[in-house]
There are 2 protein chains.
Amino acid sequence: MNDDALEPRELGAYFVLMEAVSLLQHRIEQQLRAEGDISSVQFQLLARLAGAPGEVTMTQLADGVVYSRSGLTYQAGLLEKAGLITRRPSPDDERATLVAVTDAGRDLFRRLLPGHVQVTRLLFDPLTPADVEHLREVMTRVRDHLRAQPPRSAAPRKRRSGDASAAGGAKRTTRAS
Amino acid sequence: MNDDALEPRELGAYFVLMEAVSLLQHRIEQQLRAEGDISSVQFQLLARLAGAPGEVTMTQLADGVVYSRSGLTYQAGLLEKAGLITRRPSPDDERATLVAVTDAGRDLFRRLLPGHVQVTRLLFDPLTPADVEHLREVMTRVRDHLRAQPPRSAAPRKRRSGDASAAGGAKRTTRAS
DNA sequence: TATTGTTATACTCTATAACTATA
DNA sequence: TATAGTTATAGAGTATAACAATA
């Protein structure tokens with residue numbers, strides 16, 4: 001049962017998890033945009049910096065926020081231009097860039113937090129404290145498991161020959177153009 | 001404790017939930033792109049159609065997949081161009097468009113499913129059956145709660161002319177440019 | 001008038017690759 | 001040579017608004 005098939009229960013759990021989170025993300029996105037005109041990604045970066053003791057490097061900042069280096073540079077550029085963070089070369093390692101929140105950044109974060117928390121109420125309201133605890137514990141396991149896995153993106157996974165046409169053939173939906 | 005502040009436990013649960021799902025989504029995206037050259041959104045639409053009894057309208061298809069009408073039209077256009085779905089005006093209601101999967105679409109879906117399931121293993125492997133059941137039950141409650149809430153997006157939120165600063169203030173990070 | 005869907009348009013975001021500079 | 005970060009660029013995706021057609 002750990003091979004290829006999902007139990008119906010699992011399938012259901014998977015779908016409802018993704019659906020709920022998707023809905024939640026959407027709400028969060030709207031709240032942050034409406035009240036602070038920033039994206040949830042930018043908010044996460046701000047939160048991470050606001051919570052950090054001192055400065056962090058770009059690499060440290062990126063960790064956990066899944067995207068590419070260039071993506072982070074892009075977002076950091078926006079935040080810096082908005083005066084919410086600062087960047088400066090690290091004295092220790094001249095290659096590294098140290099990032100820090102500005103007062104304005106911290107202010108914005110603090111200003112947005114209550115509304116953000118209010119939205120996350122949508123997640124917690126229907127849950128008992130025990131549910132929350134269990135959810136936290138369970139998702140921690142999942143997170144750790146996911147982080148432990150080889151990103152796989154390393155192996156570009158060559159198409160399973162055979163026909164390829166099946167979909168690939170007819171596809172070309174997006175990429176690869 | 002249902003006012004403004006989050007319990008530390010809740011905050012932790014919230015963060016780890018979003019992080020884990022984000023990681024999972026990323027993996028799913030990669031798998032679908034690598035093996036079928038489609039996005040997870042397109043896969044969801046395909047899955048929805050493959051599971052449906054007959055044809056569905058665009059509106060029905062959109063439901064649950066959160067985005068805008070135009071977004072759906074865009075995606076449907078891609079899928080149709082790729083020969084994975086068909087669209088035709090509804091006989092009953094000339095305004096409506098009926099959407100259906102093609103054989104190619106169903107084939108692609110079936111071809112991608114195993115790999116997709118394999119990725120979702122990353123979610124289930126570290127969980128006991130009881131965990132899965134609890135997760136499903138809990139997230140169902142959350143989902144229902146979220147769906148019950150007024151989408152708020154209903155109020156198109158008139159651009160706060162005046163200054164736009166309200167929150168923007170120091171911002172202008174992204175939008176509104 | 002309200003609803004269904006499409007189109008035009010503008011913009012955000014992300015990823016890849018090339019490049020610079022330091023370790 | 002490997003690592004940290006930036007830049008250029010290209011493309012996917014999304015949202016808003018205007019539009020057409022039917023109910």
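These numbers come from the heavy atoms of this one structure, side chains and all, not from hydrogens, waters or symmetry mates.
For the pair A:D37 CG and D:dA15 P, the interatomic distance rounds to 15 Å; values are reported in whole Å. Distance, A:L32 CG to C:dT12 C1': 15 Å, rounded to whole Å. The OH-P distance, from A:Y74 to C:dT16, rounds to 17 Å in whole Å. D:dA12 atom P lies 14 Å from atom CG of B:L79, rounded to whole Å. Taking atom CD on B:Q25 and atom C1' on C:dT14, their separation rounds to 15 Å, with Å as the unit. Regarding A:D92, its CG atom lies at a distance of 17 Å from the C1' atom of C:dA21, rounded to whole Å. C:dT12 atom P lies 20 Å from atom CZ of A:F43, rounded to whole Å. Protein atom CD of A:E29 is 17 Å distant from nucleotide atom P of D:dG13, rounded to whole Å.
Residues forming a side chain to side chain contact (heavy atoms under 4.5 Å, CB included) with B:S70 (at least two apart in sequence, or on another chain): B:S68. Under the side chain to side chain contact (heavy atoms under 4.5 Å, CB included) criterion, B:E94 pairs with no residue, sequence neighbours left out. In this structure, B:H145 has no side-chain hydrogen bond (donor to acceptor under 3.5 Å, both in side chains) partners at least two apart in sequence or on a different chain. Residues that satisfy the side-chain hydrogen bond (donor to acceptor under 3.5 Å, both in side chains) test with A:D93, not counting sequence neighbours, are A:R95. With sequence neighbours left out, B:F15 forms a ring-ring contact (aromatic ring centres under 6.0 Å, His included) with no residue at all. Under the side-chain hydrogen bond (donor to acceptor under 3.5 Å, both in side chains) criterion, B:R69 pairs with no residue, sequence neighbours left out. Take B:T102 and apply the side chain to side chain contact (heavy atoms under 4.5 Å, CB included) test, not counting sequence neighbours, and it matches B:T86, B:A104. Contacts of B:T59 classified as side-chain hydrogen bond (donor to acceptor under 3.5 Å, both in side chains), with partners at least two apart in sequence or in another chain: none.
No hydrogens or angles were tested; on distance alone, a donor-acceptor pair under 3.5 Å links the side chain of A:S70 to the base of C:dT16.
Nearest nucleotide to the B:L78 side chain, out of D:dG13, D:dA23, D:dT6: D:dG13. Each of D:dG13, C:dT14, D:dG5 was ranked by its minimum atom distance to the side chain of A:V41; first place goes to C:dT14.
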Close N or O pairs between protein and nucleotides 1-4 of chain C (under 3.5 Å):
{"from": "C:dT3", "atom 1": "O4'", "to": "B:R95", "atom 2": "NH1", "distance (Å)": "3.4"}
{"from": "C:dT3", "atom 1": "O2", "to": "B:R95", "atom 2": "NH1", "distance (Å)": "3.1"}
{"from": "C:dT4", "atom 1": "OP2", "to": "B:R69", "atom 2": "NH2", "distance (Å)": "3.4"}

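At C:dA15, none of the side-chain N or O atoms of B:R33 fall inside 4.0 Å of OP1 or OP2 (strictly under the cut-off). For D:dT14, the OP1/OP2 oxygens have no side-chain nitrogen or oxygen of A:H26 closer than 4.0 Å. Residue B:Q42 places at least one side-chain N or O under 4.0 Å from the OP1 or OP2 atom of D:dG13. Under 4.0 angstrom from either OP1 or OP2 of D:dA12 there lies no side-chain N or O belonging to B:Q75.
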**OP:** Take A:V142 and B:E19, measure what side chain to side chain contact (heavy atoms under 4.5 Å, CB included) needs, and give me the verdict at the end.
**Re:** CA-CA 10 Å; A:V142 173; B:E19 182 183 354; over 6 Å; no
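Within residues 44-55 of chain A, no residue has a heavy atom under 4.0 Å from DNA chain D.
Each end of the helix from C:dT1-D:dA23 to C:dA23-D:dT1 gets its own axis from five base pairs, and the two axes differ in direction by 0°, given to 10 degrees.
With B:R33 contributing its side chain and B:D37 its backbone, the two residues share a donor-acceptor pair below 3.5 Å.
Of all heavy-atom pairs spanning A:L146 and B:A20, the tightest one is CD1-O, 3.4 Å.
Residue pairs that meet the ring-ring contact (aromatic ring centres under 6.0 Å, His included) test with at least one member in residues 94-117 of chain B, sequence neighbours left out, are A:Y14-B:H116, B:F43-B:F109, B:F43-B:H116.
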